[in-house]
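Written below as structure tokens is the structure these notes are about.
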Amino acid sequence: MLLQGLEQQWGSAMTATVDFTSQAFFRNPAAGVERLRASGPVVATRFPIVGKVWITTTYESTARVLKDSETFTLRKEGGGLAGLRWWMPSFVGPLANNMLTMDEPDHTRLRGIVDEAFRRRAVLDMEPRIRAIADDLAAQLFAAGSPADLVARYARTLPLSVICELLGLPLADRPKFIAWANTVARLAGVTDFLRMIGGLWPMKRYLEERLRLARAQGGEGLIAELVRVEMEGGRISANEMVSMVFLLLGAGSETTTHLISGSVYELLRNPGLRDWLTADWSRGSLAVEEFLRFVSPVQFSKPRFVRRDIELEGVRLRKGDRVMAMVAAANMDPGAIEQPERLDLARRPNRHISFGTGIHFCLGHQLARLEGICALQALFTRWPGLRLAVEPSDIRWRQRPGLRSLETLPVVAEA
């Protein structure tokens, strides 16, 4: 069952025991969110790895937690991260110590550095190269046989290839990152987390070496631009540089993978929508906005600490409590979005909150949108008869809490 134990009480609100890794929850988020919202705008629960935490279930409560960075902070008053646990290895701390886990003023300091590096790289100028990568991957989709797993052979490889080029990482190193990304993608609980640690350490060492080479030899790509900003007086520590690149590599590929695969899945099981989109690719931007809302690859924000006693949408939260903004709930709130359970590729306006809001609004939103459009157009132009190789009911999602990600997406091409 999605909800159990609603009779329990935690503070002034009902406690919901929710399986955020169940196939039922991932298959129909709108239904799951609706049942959660019936318990209140803010609900107490236990979240895998994180533990005891409040979650928001409405657009307004989600937006407030994300925007009010003085009340809802990513760190304790002593500086500890809300998402780090006592049993995690010490070297995880520096990797997690990035601008996504920082409050002011450190967030603005680091955001300014990476914003400058992004401006110098002119992300939107990469569109021809992204289209070329997507065209090549689409052409090779069935090179190893049919059916093909669209997640492994296309949706994961495209964003990783793009972010590797953006960062300036050697072509020969991409297989390493695909392997590391696959390890991270399987994160579902404590056991998976500990298994993932084995891949994080060599990744950290590798990124340290790439930064060392950029400092010594210069080069092209975002890593070299970050080093140049650093050398021009940007205030950033060695550990912060490593965590910055680690963040860009992960955030620049993982969530876009699930946006692409989730969008393709929806189009393959809704032929009418696919026909509408492929008839006029100028509609691509509009469609991707709706896929961002409806697929909601990132379902939750990072945990935040409540800095003072407060009422959030009528629910009493106490200083020291932890809260997570449920992005998927905001995107499915009928109080903010008309018929949110309906996939409407022509939806205007689209009030989705998939890139967050406030000071932590997603840095890579332009890149993600561009990759989504290029991926869909290249795929369906090359394979207009693409279809699922299995029944939609056989499709499964990874049991990873907080991220809506397909395990595989087997496809075939009709003549």
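The structure displayed is predicted, hence computed values, not measured ones.
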Legend entry - Residue pair Ala325 / Thr56: nearest heavy atoms and the distance that separates them: CA-OG1, 3.4 Å

Inset, instruction - Check whether any side-chain heavy atom of Val151 sits under 4.5 Å from a side-chain heavy atom of Glu407, and report yes or no. - result: no

Legend entry - Heavy-atom donor-acceptor pair, Thr255 side chain to Val298 backbone, under 3.5 Å: no

Inset, instruction - Give, for atom CZ of Phe294 and atom NE2 of His352, the distance between the pair rounded to the nearest 0.5 Å. - result: 14.0 Å

Inset, instruction - For Glu209, look at atom CD and say whether over 12 heavy atoms of other residues, nucleotides or ligands are found less than 6.0 Å away. - result: yes

Legend entry - Atom pair CD/CG of Glu254 and Leu160 - distance to nearest 0.5 Å: 8.5 Å

Inset, instruction - Any chance you could measure Leu343, atom CG, to Leu267, atom CG, to the nearest 0.5 Å? - result: 7.5 Å

Inset, instruction - Return the minimal non-hydrogen interatomic distance between Pro303 and Met324, and the atom names on each side. - result: CA-CG, 3.7 Å

Legend entry - Pi-cation contact, Phe380 with Arg274 (under 6.0 Å, within 45°): no

Legend entry - Thr157 side chain to Ala152 backbone, donor-acceptor under 3.5 Å: yes

Inset, instruction - Would you name the heavy atoms of Phe291 and Glu266 that are closest together and state the gap between them? - result: CE2-CB, 4.0 Å

Inset, instruction - State whether a side-chain donor-acceptor pair under 3.5 Å links Thr58 with Asp333. - result: no

Legend entry - Shortest non-hydrogen separation from Glu313 to Ser61 and the atoms involved: CG-CB, 3.6 Å

Inset, instruction - Taking all heavy atoms of Val42 and all of Val315, pick out the closest pair and write down the distance. - result: O-CG2, 3.9 Å

Legend entry - Backbone of Ala346 reached by a side-chain donor or acceptor of Asp344 within 3.5 Å: yes

Inset, instruction - Test the Arg27-Trp397 pair against the cation-pi criterion, namely NZ or CZ under 6.0 angstrom from the six-membered ring centroid and within 45° of the ring axis. - result: no

Legend entry - Side-chain donor/acceptor of Ser261 to backbone N/O of Leu406, under 3.5 Å: no

Inset, instruction - Say whether, by atom type as modelled, one donor and one acceptor occur between the side chain of Arg153 and the main chain of Gln140 under 3.5 angstrom. - result: yes

Legend entry - Check: Thr257 side chain, Ala155 main-chain N or O, donor-acceptor pair, under 3.5 Å: yes

Inset, instruction - Kindly indicate whether the side chain of Arg369, heavy atoms from C-beta on, has any atom under 4.5 Å from the side chain of His365. - result: yes

Inset, instruction - Return the orientation label for the Phe20 and Phe300 ring planes: parallel under 30°, perpendicular over 60°, tilted otherwise. - result: perpendicular

Inset, instruction - In sequence, state the C-alpha distance, the side-chain angles, and the governing distance for Tyr154 and Asp149, and then conclude on side-chain hydrogen bond (donor to acceptor under 3.5 Å, both in side chains). - result: CA-CA 8 Å; Tyr154 191 73; Asp149 176 13; over 6 Å; no

Legend entry - Sidechain-backbone polar pair: Arg283 side chain, Trp276 backbone, donor-acceptor under 3.5 Å: yes

Inset, instruction - Would you mind checking if Glu127 and Arg131 are paired as a salt bridge, meaning a charged N to carboxylate O distance below 4.0 Å? - result: yes

Inset, instruction - Taking the side chain as every heavy atom from C-beta outward, state whether Trp54 and Asp321 have any atom pair closer than 4.5 Å. - result: yes

Inset, instruction - Answer yes when Arg347 and Glu289 have at least one side-chain N-carboxylate O distance shorter than 4.0 Å, and no when they do not. - result: no

Legend entry - Heavy-atom side-chain contact between Arg387 and Glu414 under 4.5 Å: yes

Inset, instruction - Decide yes or no on side-chain contact (heavy atoms from CB on, under 4.5 Å) for Leu74 and Arg304, but give the supporting numbers first. - result: CA-CA 5 Å; Leu74 289 153; Arg304 285 159 164 78; 3.9 Å; yes

Inset, instruction - For the pair Arg37 (side chain) and Ala329 (backbone), establish whether a donor and an acceptor sit closer than 3.5 Å, ignoring hydrogens and angles. - result: yes

Legend entry - Arg307 and Thr71: side chain donor to acceptor below 3.5 Å: no

Legend entry - Working for side-chain contact (heavy atoms from CB on, under 4.5 Å), residues Val162 and Ile133: CA-CA 8 Å; Val162 171; Ile133 294 172; 4.1 Å; yes

Inset, instruction - Mark yes or no for whether Arg322, through its side chain, and Lys52, through its backbone, hold a donor-acceptor pair below 3.5 Å. - result: yes

Legend entry - Steps toward side-chain hydrogen bond (donor to acceptor under 3.5 Å, both in side chains) verdict (Arg400, Ser405): CA-CA 8 Å; Arg400 182 175 177 184; Ser405 55; over 6 Å; no

Legend entry - Sidechain N-carboxylate O distance under 4.0 Å for Glu165, Arg129: yes

Legend entry - Test item: Val288 and Ser263 side chains (from C-beta on) under 4.5 Å apart, heavy atoms: no

Legend entry - Spacing of Ile260 atom CD1 and Leu379 atom CG [to the nearest 0.5 Å]: 9.5 Å

Legend entry - Any Asp19 side-chain heavy atom under 4.5 Å of Phe25 side chain: no

Inset, instruction - Please round to the nearest 0.5 Å and tell me the distance separating atom CE of Met332 and atom CZ of Arg293. - result: 5.0 Å

Inset, instruction - Begin with the C-alpha distance, continue with both residues' side-chain angles, and end with the deciding distance and a verdict on side-chain contact (heavy atoms from CB on, under 4.5 Å) for Asn331 and Ser354. - result: CA-CA 8 Å; Asn331 287 343; Ser354 293; 2.9 Å; yes

Inset, instruction - Would you indicate whether the side-chain heavy atoms of Tyr265 and Pro392 approach each other to under 4.5 Å? - result: yes

Legend entry - Contact check, side chains of Ser161 and Leu158, non-hydrogen atoms, under 4.5 Å: no

Legend entry - Where Ser39 and Val43 come nearest, the two heavy atoms and their spacing: CB-CG2, 3.9 Å

Legend entry - Nearest-0.5 Å distance, CZ of residue Phe142 to CG of residue Leu150: 8.0 Å

Inset, instruction - Verify side-chain contact (heavy atoms from CB on, under 4.5 Å) between Ile130 and Leu367, making sure each step is shown before the conclusion. - result: CA-CA 10 Å; Ile130 295 172; Leu367 183 61; 3.9 Å; yes

Legend entry - Over 12 foreign heavy atoms within 6.0 Å of CD, Glu34: no

Inset, instruction - Report yes or no: do Glu290 and Asn350 form a side-chain donor-acceptor pair below 3.5 Å? - result: yes

